[in-house]
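For reference, the structure discussed in these notes is given below.
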Amino acid sequence: MRALPALITALTALGAYYVYTPLPSTLSEPWKLMLLDATFRCAQDLSNLAHYFGLSHHLRVLNFVSNYFDQLDPVSSAHLKVTDTVFDGVQVRIFEPDAELDGSLKRAIIYIHGGGWALGSARARSYDTLCRRISEDVNAIVVSIEYRLVPNVHFPEQLNDVYAATKYILLPEVLAKYSIDPERIAVSGDSAGGNLAAAVCQQLTQDTSVTTKVKLQALIYPVLQILDFNTPSYQQNTDMPILSGFVMIKFWLDYLNGSHDFAHAMLVNNHTSLDISETVALRERLNWDSLLPPSFKKKYKPVFQSVGSPSVVHGVPALLDIRASPLIAHKEILQKLPKTYVLTCEHDVLRDDGTMYAKRLEEAGVDVTHDHYEDGFHGCMLFAAWPTYFSAGARTREGYINWLKENL
Ligand SMILES: *[C@@H]1O[C@H](CO)[C@@H](O)[C@H](O)[C@H]1NC(C)=O
Ligand SMILES: *[C@@H]1O[C@H](CO)[C@@H](O)[C@H](O)[C@H]1NC(C)=O
């Protein structure tokens, strides 16, 4: 029996070691974030273990577990009709406020959920709650797209799904069916969904078959580029919950169907070194230094390798594709984009992706609102209610919804 106290001490120490991550005090509710992060890491470690033992792909395990506990049926309330349907072969969940009332036209928001192109769902409690809230508060129809995910499909299928559903909504007869005002439609998404939303809006500017124009795009801490994993925000937040730099690189590799063997080379920017002609041309299009405010750069030193790992570009050719990295699109495309909202968080590897895009759009003459949250962290907008309430979560959600209310 003497072994028991020793065992308890060991387990407690192990648990504390697992949970404890030093976090800056400028974060919203750092202790709570530490616990949330430990939960995510635990789920990730367990699914990696299942993967290791050949039980299933680790992302499939994670998705299965989260969906098992978290999928909601479409539930309507007195003022909100919620339905699941299919738009041009793509599943969507639609939220319609006061659907039974008069025939007056409504505003509409096309919403694309985040989760590294691999996780998340329009039916998950988190996104169902968010879209419900947006729909009620803005008094707009929200169409939340249930696109297919890694590992079932890879780039560009996720984009093709959201594009097909978006194009379908923009058809005059579909707009009429749902009483949507064709002049008041927004495309929005968070994280990887922000990447897809940005890519959809760029693709729409090139598509002459679509006659309805989108009025707004709203991007919440979007992922926008794969060329540089050493921007100031990647350097400053590399181990920040709930998204580390290394995990972000693995999401990218899974999305583009590349081998995880390349992850370490990408972490040091070996995939875009100066001896690789294809990537030099793309990196020259952007001067990271001029696109970021000095307050973000701090002690930043750009990382350009002179000799790198050409095998990455050859193994993952999609990393040169602008549809994956909307940040590097030509100015001629950016100029045609609609009025834009970009939300970024200080404690997020993706802070500079969003910040640089806001700046490039502004330079191209687009009307941009850039909201930056000093105590925000990646994903915080999903955490705005008990038991995972963060004040940064509630404030980002409020700010975003208010912008939509005023501008859509
Ligand atoms: C993804 O990569 C694997 C292994 O390299 C390959 O067998 C498979 O065909 C690829 N899938 C797609 C959709 O390109
Ligand atoms: C980066 O590339 C250089 C040159 O090929 C190589 O020596 C180095 O090991 C690479 N680093 C990583 C982390 O792959």
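Since the model is a prediction, treat every value here as computed from it, not as a measurement. Read the numbers this way: they start at 1 and go in the same order the structure lists the ligands and their atoms. Residue numbers count from 1 along this sequence.
Formation of a donor-acceptor pair under 3.5 Å by the Ser233 side chain with backbone atoms of Asp352 is found in this model. No donor-acceptor distance shorter than 3.5 angstrom exists from the side chain of Asp375 to the backbone of Leu27, with no hydrogens or angles considered.
Considering backbone and side-chain atoms together, Val268 places no N or O closer than 3.5 Å to any N or O of ligand 2. In terms of N/O distances under 3.5 Å, ligand 2 is not approached by His264.
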List the atom pairs, with distances to 0.1 Å, where a side-chain N or O of residues 142-153 and a protein N or O form a donor-acceptor pair under 3.5 Å, not counting sequence neighbours.
{"from": "Glu146", "atom 1": "OE1", "to": "Ser121", "atom 2": "OG", "distance (Å)": "3.2"}
{"from": "Glu146", "atom 1": "OE1", "to": "Ala122", "atom 2": "N", "distance (Å)": "2.6"}
{"from": "Glu146", "atom 1": "OE2", "to": "Ser121", "atom 2": "OG", "distance (Å)": "2.8"}
{"from": "Tyr147", "atom 1": "OH", "to": "His113", "atom 2": "O", "distance (Å)": "2.6"}
{"from": "Arg148", "atom 1": "NE", "to": "Asp161", "atom 2": "OD2", "distance (Å)": "2.9"}
{"from": "Arg148", "atom 1": "NH2", "to": "Glu157", "atom 2": "OE1", "distance (Å)": "3.3"}
{"from": "Arg148", "atom 1": "NH2", "to": "Asp161", "atom 2": "OD1", "distance (Å)": "3.0"}
{"from": "Asn152", "atom 1": "OD1", "to": "Arg60", "atom 2": "NH2", "distance (Å)": "2.9"}

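Across every non-hydrogen atom of Val200 and Leu159, the tightest pair is CG2-CD1, 3.9 Å.
Screening residues 313-351 for ring pair (Phe, Tyr, Trp, His ring centres under 6.0 Å), with sequence neighbours left out, gives Tyr341-Trp403.
Near Asn270, with a cut-off below 4.0 Å to any heavy atom, the atoms of ligand 2 are 1 (C), 2 (O), 3 (C), 8 (C), 10 (C), 11 (N), 12 (C), 14 (O). Against a heavy-atom cut-off of under 4.0 Å, Ser309 is close to the following atoms of ligand 2: 1 (C), 2 (O). Heavy-atom proximity to Gly308, at under 4.0 Å, picks out these atoms of ligand 2: 2 (O), 4 (C), 5 (O).
No cation-pi contact links Arg351 to Tyr221, judged by a cut-off of 6.0 Å to the six-membered ring centre and 45° from its axis.
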Filter the ligand 1-protein atom pairs down to N or O on both sides and distance under 3.5 Å, then list them.
{"from": "ligand 1", "atom 1": "2 (O)", "to": "Asn257", "atom 2": "OD1", "distance (Å)": "3.2"}
{"from": "ligand 1", "atom 1": "2 (O)", "to": "Asn257", "atom 2": "ND2", "distance (Å)": "2.5"}
{"from": "ligand 1", "atom 1": "11 (N)", "to": "Asn257", "atom 2": "ND2", "distance (Å)": "2.7"}
{"from": "ligand 1", "atom 1": "14 (O)", "to": "Asn257", "atom 2": "ND2", "distance (Å)": "3.3"}

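Between Asp353 atom CG and Thr344 atom OG1 the span is 10.5 Å, to the nearest 0.5 Å.
For Arg184, the salt bridge (Lys or Arg N to Asp or Glu O under 4.0 Å) criterion is met by no residue, not counting sequence neighbours.
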